[in-house]
Amino acid sequence: MNEIRLPSRPTKSLRIVVADDEAYIRCYFSRMLPRLGHRVVGSASDGRELVELCGAERPDLVITDIRMPIMSGIEAADQIAKSQSVPVVILSSHDEPVTNNPNIIEFLRKPFELQELARVIARSIT
């Protein structure tokens with residue numbers, strides 16, 4: 001059986017808020033991000049909840065799906081940018097969105113590898 005090799009621990013542990021309307025995706029992040037040395041401080045199932053969580057938690061990074069109920073991940077990122085400057089990683093199984101929000105630092109196409117997620121998170125630190 002092949003062992004999954006995790007990337008090395010980051011030099012800085014981030015407080016991360018995740019948002020996806022699929023519960024299994026939120027659960028994935030809750031399990032995997034601590035294995036990468038980070039802490040999930042909030043989990044949202046729609047864009048409005050994401051905006052509220054970011055206001056309360058003031059995370060170091062946001063990871064969000066695009067297509068969610070009530071408010072999309074892009075709309076939520078735009079709302080969040082009005083009150084705080086936090087890097088945002090957008091997830092989607094669809095094409096990369098067109099946006100001029102400077103807080104959106106990366107687009108990850110689902111499905112993605114854990115190493116790819118670790119690389120994106122490391123980029124948000126620099």
Side-chain angles (χ1 to χ4, degrees):
M1 185 158 104
N2 291 339
E3 181 179 327
I4 295 175
R5 175 172 251 187
L6 295 175
S8 61
R9 288 278 191 203
T11 56
K12 178 182 177 189
S13 178
L14 299 180
R15 299 174 66 254
I16 301 174
V17 168
V18 298
D20 199 294
D21 57 330
E22 300 285 344
Y24 74 93
I25 299 288
R26 294 189 310 271
C27 183
Y28 170 82
F29 283 116
S30 293
R31 285 189 340 267
M32 290 300 130
L33 290 171
R35 291 177 69 185
L36 295 175
H38 305 292
R39 187 163 53 116
V40 176
V41 295
S43 179
S45 61
D46 63 61
R48 183 172 54 206
E49 188 178 358
L50 173 59
V51 171
E52 292 169 3
L53 267 173
C54 286
E57 295 295 334
R58 309 294 290 182
D60 300 314
L61 178 67
V62 173
I63 301 174
T64 181
D65 189 20
I66 290 179
R67 295 187 179 182
M68 293 187 294
I70 303 173
M71 182 186 295
S72 75
I74 299 290
E75 292 167 325
D78 290 344
Q79 288 295 313
I80 294 163
K82 291 177 181 178
S83 63
Q84 58 187 292
S85 179
V86 58
V88 177
V89 175
I90 299 289
L91 309 172
S92 181
S93 54
H94 305 283
D95 289 335
E96 185 170 346
V98 175
T99 178
N100 42 349
N101 182 328
N103 291 349
I104 297 175
I105 61 162
E106 191 77 49
F107 171 80
L108 278 178
R109 185 178 305 277
K110 294 178 186 177
F112 52 85
E113 299 290 325
L114 185 61
Q115 290 80 4
E116 188 177 10
L117 177 62
R119 177 191 58 78
V120 167
I121 292 171
R123 180 173 172 236
S124 77
I125 295 171
T126 59

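The model shown is predicted, which means the values in this text are computed figures rather than measured ones.
In terms of heavy-atom proximity, Ser92 sits nearest to Asp65 at CA-OD1, 4.0 Å. Taking all atoms of both residues into account, the shortest heavy-atom contact from Cys54 to Val62 is SG-CG2, 3.5 Å. When all heavy atoms of Pro87 and Asp60 are compared, the pair lying nearest together is CD-O, 3.3 Å. Taking each heavy atom of Val86 and Leu61 in turn, the nearest pair found is CG2-N, 3.7 Å.
The backbone N or O of Gly47 lies less than 3.5 Å from no partner atom in the side chain of Glu75, so there is not a single donor-acceptor pair. Side-chain atoms of Asn101 never come within 3.5 Å of backbone atoms of Ala81 as a donor-acceptor pair (strictly under, hydrogens ignored).
When the options Thr64, Ile104, Ile105, Ile16 are evaluated for a side chain to side chain contact (heavy atoms under 4.5 Å, CB included) with Val89, the one that passes is Ile105.
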Practice problem: Show your reasoning for whether side-chain contact (heavy atoms from CB on, under 4.5 Å) applies to Ile121 and Leu14. | Solution: CA-CA 9 Å; Ile121 292 171; Leu14 299 180; 3.7 Å; yes

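A search for side-chain contact (heavy atoms from CB on, under 4.5 Å) contacts involving Ala76 returns Leu50, Val51, Met71, not counting sequence neighbours. Annotation: salt bridge (charged side-chain N to carboxylate O under 4.0 Å, His left out) contacts of Arg15 (sequence neighbours excluded): Glu57.
The CZ atom of Arg48 sits 4.0 Å away from atom CD1 of Ile70, with the distance rounded to the nearest 0.5 Å. Residue Leu108 holds its CG atom at 11.0 Å from CD of Glu113, rounded to the nearest 0.5 Å. Separation of atoms CD1 (Ile63) and CG (Leu117) is listed at 5.0 Å; rounding is to 0.5 Å. Atom NZ of Lys12 is separated from atom NE2 of His38 by 10.0 Å, given to the nearest 0.5 angstrom. Interatomic distance, Ser83 OG to Arg58 CZ, rounded to the nearest 0.5 Å: 5.5 Å. Here the straight-line distance linking atom CZ of Arg39 with atom OG of Ser30 works out to 12.5 Å at 0.5 Å rounding.
Using bins of under 30°, 30° to 60° and over 60° for the plane-to-plane angle, the ring pair Phe29/Phe112 lands in the parallel bin.
Residues Ile80 and Asn103 form no side-chain contact, since every pair of their non-hydrogen atoms from C-beta on lies 4.5 Å or further apart. Contact check for Arg119 versus Glu106: side-chain heavy atoms found under the 4.5 Å cut-off.
Screening residues 17-27 for salt bridge (charged side-chain N to carboxylate O under 4.0 Å, His left out) gives Asp20-Lys110 as the qualifying pairs, with residues at least two apart or on separate chains.
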